[in-house]
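Notes for the one structure printed next.
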There are 2 protein chains.
Amino acid sequence: MGVQVQSYHHGNLKQALLETALEHLKLHGPDKISLRALARDVGVSQTAPYRHFEDKTALLAALAAEGFRRLNHASALVTSPESSAARALQLSGKAYIHFALDNPELYRLMFGPMLSPDDDFPELEEAGNQAFDVIVSIVRRGIDSGEFVNKDSLLVANSTWAMVHGISSLMLDRRFDCVEGGISESVLDESLDIIMLGLLVR
Amino acid sequence: MGVQVQSYHHGNLKQALLETALEHLKLHGPDKISLRALARDVGVSQTAPYRHFEDKTALLAALAAEGFRRLNHASALVTSPESSAARALQLSGKAYIHFALDNPELYRLMFGPMLSPDDDFPELEEAGNQAFDVIVSIVRRGIDSGEFVNKDSLLVANSTWAMVHGISSLMLDRRFDCVEGGISESVLDESLDIIMLGLLVR
DNA sequence: ATATTATGTTAACAATGTTTACATAGCAAC
DNA sequence: GTTGCTATGTAAACATTGTTAACATAATAT
């Protein structure tokens, strides 16, 4: 027996903090996250988090980085190298938007004002860049294969990301018409079609 | 002479609070705004704001509404009924993005997580809708004149807004490549061209 | 075994949002 | 004009938060 009732050292506090923070994010917005509340939930003193995160902001940044990694994963999963670039972009975009709608508060944290682009969080920056790279590589493939217009691939990727992020963001704010309490796949498809039309060679 | 040194009643506290709040927004992010600091700056007790705003959130909502009104103004100003819808949309979009870049923290407040779409602020909602209407009316004109594809005008307007908002948001987060310390007009034009290409009848 | 480092705790501080009770001004009715 | 009513302001207090400083304990290396 000898169940480990209480040990002075938690053992995996950093991870535990991030996980409960993700839980809290599902309930309230990112601005409502409190270090002390996290510590309470994990069952540790209120200053313990400071052994693992310099700041509250640092914890939020780690959270956002995890968000980008998951977004990454979600949008990269659906693409297969066999399909056309256009189809890959469409599927990837839909997966992206669905991720945002499924994790609204996490997404708001990732792009919200709690994390200023001025402060320096390499982990966050890299995860964000990788999310962008998913789009870039599909766009490059489309340009190389002649499917897409022959414009600067970074510009095209940026525009594509802007479109997908814009739809996600407006939908989260209920400023993009969608079916009450859900999302209409056809609306999504048609919106994505509009940007794709600007990309395709005619 | 009898200069009015101190009067128990401020006279125009609500407006004064909003104005200094806009000042504070230029310096720090929306999450850094403090009711007490505003009261201090205006020279009034820390609880006086509660006579004019139920909440801190209510003040932020009023601020965001003012932001939408200004955005509105900025993006509607540049459109003239004589020009083509395509040109109007391009100019209006550029004005929109410039507004976002000129008022980064205000824009972040307008779309940030401090204001949940769940809570009810009629003033904010109306101002936001009017911003949308600017786009809708241009899109309608383009569809009616045969310039734009004959799709549902709300869908097209939504997509257009998504594009413009996406560009703005990514640029504010420095996730959209642009000239260091400024914005490249040509990048902006080309990005907007891409969405426009999807709209134009071919 | 001992020293060092990593990790956790307690106590304290200043700042904030908010509520309650009280004070004063402006104004309308009599 | 006095009397009340309402709008607007103040003061005091509370709970909560982020953060720091000083101390305690565990894990680890020497």
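Chain identifiers are assigned alphabetically (A, B, ...) following the order of the sequence lines, protein sequences preceding nucleic acid strands; residue numbering begins at 1 within each chain.
- In this structure, CG of B:Leu17 is placed 12 Å from C1' of D:dT8, rounded to the nearest angstrom.
- Applying the ring-ring contact (aromatic ring centres under 6.0 Å, His included) rule to pairs touching residues 30-84 of chain B yields B:Phe68-B:Phe111, sequence neighbours excluded.
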Name each donor-acceptor pair under 3.5 Å that joins a side chain in residues 130-140 of chain B to protein atoms two or more places apart or in another chain, with its distance.
{"unit_1": "B:Gln130", "atom_1": "NE2", "unit_2": "B:Glu126", "atom_2": "OE2", "d": "3.1"}
{"unit_1": "B:Ser137", "atom_1": "OG", "unit_2": "B:Asp133", "atom_2": "O", "d": "3.4"}
{"unit_1": "B:Ser137", "atom_1": "OG", "unit_2": "B:Val134", "atom_2": "O", "d": "3.1"}
{"unit_1": "B:Arg140", "atom_1": "NE", "unit_2": "B:Ser153", "atom_2": "OG", "d": "3.3"}

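- Within 6.0 Å of CD on B:Glu185 lie more than 12 heavy atoms contributed by other residues, nucleotides or ligands.
- Within residues 46-65 of chain B, the residues approaching DNA chain C are B:Thr47, B:Tyr50, B:Arg51, B:Asp55, B:Lys56, by heavy-atom distance under 4.0 Å.
- For A:Ser116, the side chain to side chain donor-acceptor pair (under 3.5 Å) criterion is met by no residue, not counting sequence neighbours.
- Taking 4.0 angstrom as the limit, A:Arg40 places none of its side-chain polar atoms (N or O) nearer than this to OP1 or OP2 of D:dT16.
- Rounded to an integer number of Å, the gap from A:Asn12 CG to C:dG8 C1' is 15 Å.
- Atom pair B:Asp41:CG and C:dT16:P shows a separation of 11 Å (rounding to whole Å applied).
- Of the residues in residues 24-35 of chain B, B:Ile33, B:Ser34, B:Leu35 come within less than 4.0 Å of DNA chain C through at least one heavy atom, sorted by number.
- With rounding to the nearest 0.5 Å, the separation of OG in B:Ser159 from CE in B:Met163 is 11.0 Å.
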Run A:Arg108 and A:Leu172 through side-chain contact (heavy atoms from CB on, under 4.5 Å) and show every step you take.
CA-CA 9 Å; A:Arg108 285 200 178 93; A:Leu172 287 185; 3.7 Å; yes
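- One can place CZ of B:Arg36 at 16 Å from P of D:dT16, the figure rounded to the nearest angstrom.
- Counting only residues at least two apart or on different chains, no ring-ring contact (aromatic ring centres under 6.0 Å, His included) pair has a member in residues 19-43 of chain B.
- Of the charged side-chain nitrogens involved, at least one lies within less than 4.0 Å of a carboxylate oxygen, so that A:Glu123 and A:Arg69 count as a salt-bridged pair.
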